[in-house]
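Comments concern the structure below.
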Amino acid sequence: AANKYEQRQSDPRGNSYGEYRNMKQDKLDQQLSSAKQSELFKDLLIMLNGRLEPSASYLRQLIGQHGGQVVFQYTSGVTHMICQNLSASKFNIFSKRKIPIMYPKWVLMCVEQQKLIDTNDFIIQEIAEKLDIQQQTQISPIFQISQLNQSQFLEQQKQTEEEKQVLQLIESTQTTALVSSVLQPLNISQLSQLSPLSGTSPQAFYNVNRQVPQPQENTVQRYHESSRLHQLTQFKLNAQEFLIKNPPYGPKPTDTARPLFIHIDIDCFFCQASFLKLPTSKQQQLHGYPLAVSSNIKNASNSTADISSCNYTARRLGVHNGMWVSQAVQKCPNLQLLEYDFDFYNKLSLQFYDILRQFSSDIMPISCDEAYLKLSGIYTQQEDIKIIKQKIYSQLQLSTTIGLGENLIQARIATKLAKPNGFMFLNKEVFQQVIKDKQVDFLPQIGFKITEELKNMNIFTVEDLQNADIKLLRENFGEVKGQNLLNEANGVDFLLFQPIQNLLKQKSLQVSKNFNVRISQISVFKQLVFELLQELNQRSTDRQLKLNKLSITVNVAAANNKQFMKKMGCGVCNQVRSTIFIHKKCDQCVEELVDSVVNKIKMEDVRGVDVMGFVGEVKNIVQSKELGQNAQKKVEFWEKLQQQSQNTAEKQEIISCDDYFDALQQIDDQDVANALRKVFSAQCLCRGNLEEAFKLGIDGVEDMFEDKWRWL
DNA sequence: CCAGTGTGGTAG
DNA sequence: ATCGCTACCACACTGG
């Protein structure tokens with residue numbers, strides 16, 4: 001499969017634009033090979049930026065022939081800027097420094113007339129005007145002047161406004177049927193019509209031959225719409241967002257009082273919610289039956305669909321979450337299957353948190369149906385706490401369980417023991433007693449693998465774990481995990497209470513598809529990666545996260561892949577991952593990244609793909625491969641400089657880019673200056689600040705302004 | 001020792 | 001068919 005890819009790469013028919021461009025270039029070279037023709041542009045340093053017509057290389061040679069110098073990135077002494085497309089930030093840089101901005105036509109006309117035409121005739125006034133429009137409407141810093149005139153732009157703007165209104169209308173109706181029939185996901189070609197950013201089609205991006213039949217588009221979006229695990233993670237993020245926007249206003253816990261925590265969890269949330277959605281007659285009919293939620297399946301006895309949630313009647317009959325429907329109906333033939341209603345779950349979840357807001361001002365959301373609350377001293381009676389349960393039941397008809405404890409683990413275990421519809425208080429002594437006889441996997445953070453590992457150490461029950469040798473635990477599980485295991489067996493906290501107001505910025509963002517993935521051709525793999533990236537792009541933009549690293553993880557079928565395999569599932573897999581730092585145009589980074597994973601795998605073994613983005617973090621960038629050998633020394637010098645300016649500027653946290661810039665101008669040694677510029681640009685990229693990185697002029701950064709991806 | 005990269009585990 | 005997502009932590013390993 002890898003060979004096929006290489007063939008495609010070198011196949012000129014697959015890359016006709018490149019071929020054409022090369023031919024054109026040869027021709028231009030021949031025309032321009034003659035010697036210097038005039039001193040027209042003597043003493044001028046002209047910066048060429050972005051895609052130009054005529055091409056940048058043609059302009060460079062033309063300017064050279066007439067005595068001028070050309071650069072492609074901003075350096076001091078630039079006298080003219082030539083471009084067709086310009087971002088707001090770039091415009092600001094050049095207008096601030098009073099450097100004239102001109103269309104390429106200026107060069108041609110100067111040469112034709114053999115004189116320097118007054119720059120005022122050519123300065124890109126309309127760019128400024130359009131950028132004003134764009135800032136008012138807050139659309140995108142990227143604006144394709146060459147392709148759009150003002151009225152076209154406004155027309156597109158109108159379309160997207162209409163689109164928004166429609167979406168809002170649909171959202172406000174809250175009707176599942178309407179949503180599924182009206183809100184069909186857009187396909188890629190529709191997207192590119194809608195987006196003011198678009199210019200390149202996905203096909204062009206991956207260089208895929210148009211004759212090859214494309215797989216169905218938007219598989220990722222469609223898939224996620226019905227994936228319970230996807231929805232579950234989104235619900236949690238929605239709950240967090242809700243609490244940030246609508247902060248808890250309940251009693252403020254006092255520092256002096258002994259802290260108490262409750263853990264509250266809606267009993268079999270999906271199951272209760274789906275039941276509520278049934279008509280009353282159906283509810284009466286099913287009263288007392290074992291119930292479970294799963295996808296709408298036709299042949300239950302043969303299905304590997306997962307039981308997503310089941311009621312406690314079903315659990316007593318041996319059904320549990322995550323079980324296959326076929327196994328469940330075998331154990332429990334009376335099991336009644338309910339359907340998902342994700343929109344309803346989400347709505348209930350937010351209402352649940354809305355109720356919790358009034359009971360404490362310190363809430364730590366764990367998932368869509370589960371949270372910790374720190375209690376203030378006013379809750380002295382258990383009855384006070386049970387009011388929370390009553391309120392949720394009376395307003396949402398959902399039964400909950402509350403665990404009360406001196407720390408999170410105690411509260412958590414109390415809930416687990418009290419389920420369903422219960423209440424329990426645990427302190428350290430009671431905890432250690434009641435938990436003794438449970439299997440180790442009763443405790444949180446002990447899953448399948450750790451249980452197996454503990455079995456090998458002859459540790460089966462929590463009591464065994466309580467008495468285990470800490471040295472041995474640390475040896476087998478690592479310093480942290482080993483200590484945590486012992487702690488939680490003894491009811492000692494290892495989880496920090498973090499109320500929503502302490503919520504840190506998300507550190508990573510991931511989009512996955514590890515179901516129903518079978519790939520034979522590299523082009524199909526790339527199409528899937530493209531769709532995942534598009535989704536990643538969308539989410540990072542929506543959540544205003546700036547990403548500076550990208551990862552692709554591929555699930556590759558292991559030798560025992562087919563063991564326990566769910567139909568269409570990924571089976572037992574090994575994971576293969578590659579990561580890249582986004583330091584130049586995202587398209588190029590992505591291509592490098594894809595090639596790097598593709599080289600590690602066989603297409604026919606692929607069972608799933610994840611793409612992950614990392615939110616920018618300023619770490620030590622010094623050792624980065626991009627920065628060359630002597631970067632360390634240069635950085636030390638740089639930091640001294642920074643410290644000096646920090647002192648004079650009264651301890652600013654971050655020195656502004658302009659300060660750096662002016663300091664750089666004063667450095668005589670060009671090598672040092674360039675290295676420092678590179679280092680600081682890289683630091684800016686790490687912070688996800690493309691504009692600053694650009695100002696310092698790291699190679700390739702200017703191209704990133706034209707990216708259709710919005711990661712930085 | 002440091003920092004970056006890759007792997008693996010867990011939860012709901 | 002059926003919808004095995006995703007955030008975050010810890011750690012081993014590598015190369016200086």
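Atoms considered below: every heavy atom in the structure, side chains included; atoms not considered: hydrogens, waters and symmetry mates.
Contact annotation: A:Gln234 reaches the phosphate of C:dT6 (side-chain N/O to OP1 or OP2, under 4.0 Å). Regarding contacts with the backbone of C:dC5, a side-chain N or O of A:Tyr223 is found under 4.0 angstrom from either OP1 or OP2. The phosphate of C:dG4 (OP1 or OP2) has a side-chain N or O of A:Arg228 nearer than 4.0 angstrom. Checking the phosphate oxygens (OP1, OP2) of C:dA7, a side-chain nitrogen or oxygen of A:Arg543 falls inside 4.0 Å. Here A:Lys549 reaches the OP1 or OP2 of B:dT5: one of its side-chain N or O atoms lies under 4.0 Å away. In this model, the phosphate group of C:dC3 is approached by a side-chain N or O of A:Lys566 to a distance below 4.0 Å at OP1 or OP2. In terms of phosphate contacts, A:His224 brings no side-chain nitrogen or oxygen within less than 4.0 Å of OP1 or OP2 of C:dC5. Of the side-chain N and O atoms in A:Arg412, one or more sit less than 4.0 angstrom from OP1 or OP2 of B:dG12. At B:dT7, none of the side-chain N or O atoms of A:Gln575 fall inside 4.0 Å of OP1 or OP2 (strictly under the cut-off). For B:dT5, neither phosphate oxygen OP1 nor OP2 lies less than 4.0 angstrom from any side-chain nitrogen or oxygen of A:Thr579. Residue A:Ser227 has no polar side-chain atom (N or O) positioned under 4.0 Å from OP1 or OP2 of C:dT2. Contact annotation: A:Thr304 reaches the phosphate of C:dT2 (side-chain N/O to OP1 or OP2, under 4.0 Å). Within the structure, a side-chain polar atom (N or O) of A:Asn514 is placed less than 4.0 Å from OP1 or OP2 of C:dC5. Phosphate contact (OP1/OP2 of C:dT6, side-chain N/O of A:Arg539, threshold under 4.0 Å): present.
Rounded to whole Å, the distance from CD on A:Gln445 to P on C:dA10 is 10 Å. Atom CG in A:Leu532 sits about 10 Å away from atom P in C:dC5, given to the nearest Å. Counting to the nearest Å, the P atom of B:dT10 and the CD atom of A:Glu452 are 10 Å from each other. As a whole-Å value, the separation of A:Lys505 NZ from C:dA7 P is 14 Å. Taking atom CZ on A:Arg222 and atom C1' on C:dC3, their separation rounds to 13 Å, with Å as the unit. One can place CG of A:Asn346 at 19 Å from P of C:dC5, the figure rounded to the nearest angstrom. For the pair A:Glu339 CD and C:dT2 P, the interatomic distance rounds to 14 Å; values are reported in whole Å. When the P atom of C:dC3 is taken as reference, atom CG of A:Asp341 falls 17 Å away, rounded to whole Å.
When distances run from any side-chain atom of A:His230 to the nucleotides C:dA7, C:dC5, B:dG12, the shortest one goes to C:dC5.
Between A:Gln575 and the options A:Asp610, A:Asn555, A:Thr553, a side chain to side chain donor-acceptor pair (under 3.5 Å) holds for only A:Asn555. Among A:Val590, A:Val594, A:Val511, A:Leu509, the one residue that satisfies the side chain to side chain contact (heavy atoms under 4.5 Å, CB included) test with A:Val611 is A:Val511.
For A:Lys389 and A:Phe423, the positive end is not near the middle of the six-membered ring at less than 6.0 Å and at most 45° from its axis. Under the 6.0 Å distance and 45° angle rule, A:Lys481 does not count as a cation-pi partner of A:Phe477.
Within the nucleic acid shown, A:Thr553 has no heavy atom closer than 4.0 Å to any nucleic acid atom. In this structure, A:Ser226 reaches the bases: a heavy-atom distance under 4.0 Å links it to at least one base atom across the strands shown. The residue A:Lys236 sits apart from the nucleic acid: no heavy atom pair falls under 4.0 Å. In this structure, A:Asp306 reaches the sugar-phosphate backbone alone: every heavy-atom distance under 4.0 Å involves primed, P, OP1 or OP2 atoms, never a base. Nucleic acid contact for A:Asp610: none, since no nucleic acid atom lies under 4.0 Å from a heavy atom of the residue. When heavy atoms are screened at a 4.0 angstrom cut-off, A:Phe235 is found touching no nucleic acid atom at all. Nucleic acid contact class of A:Glu370 (heavy atoms, under 4.0 Å, all strands): sugar-phosphate only. Here A:Lys449 lies in heavy-atom contact (under 4.0 Å) with sugar-phosphate atoms only. Residue A:Leu237 is out of contact with every strand shown, counting any heavy-atom pair closer than 4.0 Å. Among the protein residues, A:Gly569 comes within range of the nucleic acid bases, having at least one heavy atom under 4.0 Å from a base atom. Using a 4.0 Å heavy-atom criterion, one finds that A:Gly608 contacts no nucleic acid atom at all.
You'll find the side chain of A:Leu532 reaches within 4.5 Å of the side chain of A:Val609, heavy atoms only.
Taking the C1' atoms as reference points, C:dG4 lies 15 Å from B:dG9, given to the whole Å.
The distance between the ring centers of A:Phe530 and A:Trp709 falls below 6.0 angstrom. A centroid separation of 6.0 Å or more is found between the aromatic rings of A:Tyr372 and A:Phe497.
Between A:Thr233 and A:Asn299, the residue anchored closer to the 5' end of DNA chain C is A:Asn299, taking for each the nucleotide with the nearest heavy atom. Residue A:Cys570 is the one, among A:Cys570 and A:Arg577, whose nearest nucleotide of DNA chain C lies closer to the 5' end (criterion: closest heavy atom).
Put simply, CD1 on A:Ile266 and NZ on A:Lys419 are 9.0 Å apart, with the number rounded to the nearest 0.5 Å.
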